[in-house]
Amino acid sequence: TQLLEQSPQFLSIQEGENLTVYCNSSSVFSSLQWYRQEPGEGPVLLVTVVTGGEVKKLKRLTFQFGDARKDSSLHITAAQPGDTGLYLCAGAEVNAGNMLTFGGGTRLMVKP
Amino acid sequence: DAGVTQSPTHLIKTRGQHVTLRCSPISGHKSVSWYQQVLGQGPQFIFQYYEKEERGRGNFPDRFSARQFPNYSSELNVNALLLGDSALYLCASSLGAGYNSPLHFGNGTRLTVT
């Protein structure tokens, strides 16, 4: 079973600050997805990256897939209180379709 | 369009009992997956069904079983409940089962085993 390690586990920052969340594995993934989960709700897909070195931007969020497709990062610029939530990375193992392995999550709190 | 719907939203059971959780996928989606999310952790894969066939099974005991019906809805059954089965059970649907077919999650069923 492949493992995805996310860091940091918890992050508390002030509004306007920048932050980066990391997702690392020793194994290769066909694709990697980032989700955000609010309390009492299911995860909501933010982005899917499939090509090594790929960078995708979603407003203030920038996602990067490592060249070797083993790691990924999520960078948030000028964080806002509305960004508060649990951020999860999830990888699809090679030949496993969309059966996902999730990281442990990063709980982000942005204080006004 | 309705998203993935799960029922019930909350459930309290006693150790040793049996539970059935239900999931209705987004219309047109043919794949349903089940995940267990223990408090403070990321979701863990339990089962995936595509076109009513089991496509994959995670590292869970045989007490866990599932099925997909002709209308693509799904049930997750857990027998002989243990305290450690307390978790949020998430259902996700997707158009297909390929790596580029994104999952759409429901809001889960919160199961508490006492």
Side-chain angles (χ1 to χ4, degrees), chain A residues 1-10 21 23-25 27-52 54 56 58 63 65 69 72 85-107, chain B residues 2-10 21 23-26 29-51 53-60 66 87-110:
Chain A
T1 302
Q2 297 188 0
L3 293 175
L4 270 174
E5 294 185 4
Q6 266 187 258
S7 62
Q9 284 185 287
F10 301 96
V21 177
C23 182
N24 296 293
S25 174
S27 302
V28 176
F29 290 97
S30 296
S31 68
L32 199 135
Q33 302 173 17
W34 286 91
Y35 292 82
R36 189 173 116 184
Q37 186 176 21
E38 307 273 6
E41 298 181 6
V44 175
L45 180 66
L46 297 174
V47 78
T48 300
V49 285
V50 297
T51 305
E54 183 176 3
K56 282 192 174 179
L58 186 66
F63 305 86
F65 202 11
R69 304 202 327 262
S72 182
L86 179 67
Y87 288 83
L88 295 159
C89 66
E93 299 180 27
V94 176
N95 298 322
N98 60 358
M99 290 178 278
L100 300 179
T101 298
F102 277 83
T106 294
R107 190 162 296 282
Chain B
V4 176
T5 57
Q6 293 186 243
S7 63
T9 54
H10 296 82
L21 309 181
C23 172
S24 292
I26 291 171
H29 284 195
K30 298 182 178 181
S31 179
V32 169
S33 302
W34 288 94
Y35 288 79
Q36 180 196 64
Q37 186 174 25
V38 173
L39 195 62
Q41 298 181 19
Q44 188 174 359
F45 173 72
I46 310 175
F47 284 109
Q48 185 184 61
Y49 279 79
Y50 176 66
E51 288 281 15
E53 298 287 330
E54 182 182 303
R55 283 257 311 173
R57 181 187 184 115
N59 188 24
F60 280 81
L88 180 67
Y89 288 84
L90 294 163
C91 173
S93 74
S94 55
L95 279 170
Y99 74 92
N100 58 352
S101 188
L103 300 184
H104 300 263
F105 284 88
N107 287 333
T109 293
R110 171 75 59 189

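Source: prediction; values computed, not measured. First the proteins, then the strands, lettered A, B, ... as listed; each starts at 1. The figures that follow rest on heavy atoms only: side chains count, while hydrogens, waters and symmetry mates do not.
Counting heavy-atom pairs closer than 4.5 Å to chain A, the top-ranked of the candidates B:P43, B:S94, B:G56 is B:P43. Options B:F105, B:F45, B:F47 differ in how many heavy-atom pairs under 4.5 Å they form with chain A, and the most are formed by B:F105. Top candidate by heavy-atom pairs under 4.5 Å with chain A, chosen from B:A97, B:S31, B:G58, is B:A97. Contact count against chain B (heavy-atom pairs under 4.5 Å) is highest for A:G42 among A:G105, A:S31, A:G42, A:G103. Of the listed residues (A:C89, A:A90, A:P43, A:A96), the one with the most heavy-atom contacts under 4.5 Å to chain B is A:P43.
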Check: Going through the checks in order, is the side chain to side chain contact (heavy atoms under 4.5 Å, CB included) test met by A:N98 and B:L103?
Finding: CA-CA 8 Å; A:N98 60 358; B:L103 300 184; 3.5 Å; yes
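Using a 4.5 Å cut-off between heavy atoms, B:Q41 touches chain A through its backbone atoms (N, CA, C, O) alone. For B:S33, no part lies near chain A; criterion is any non-hydrogen pair under 4.5 Å.
Residue-environment remark: CD (A:Q9) stays at or below the threshold of 12 foreign heavy atoms within 6.0 Å. The neighbour count for A:E5 CD, taken as heavy atoms of other residues, nucleotides or ligands under 6.0 Å away, does not exceed 12.
At least one donor-acceptor pair closer than 3.5 Å links the side chain of B:Y35 to the backbone N or O of A:L100. Proximity of a side-chain donor or acceptor of B:N107 to a complementary backbone N or O of A:G40 within less than 3.5 Å is not detected.
Listed here is the closest heavy atom pair of B:G42 and A:L88: CA-CD2, 3.9 Å. Smallest separation of non-hydrogen atoms from A:M99 and B:R55: CE-O, 3.9 Å.
Qualifying side chain to side chain donor-acceptor pair (under 3.5 Å) partners for A:Y35, counting only residues two or more places apart in sequence or in other chains: A:Q33. Considering only residues two or more places apart in sequence or on other chains, A:Q37 meets the side chain to side chain donor-acceptor pair (under 3.5 Å) condition with B:Q37.
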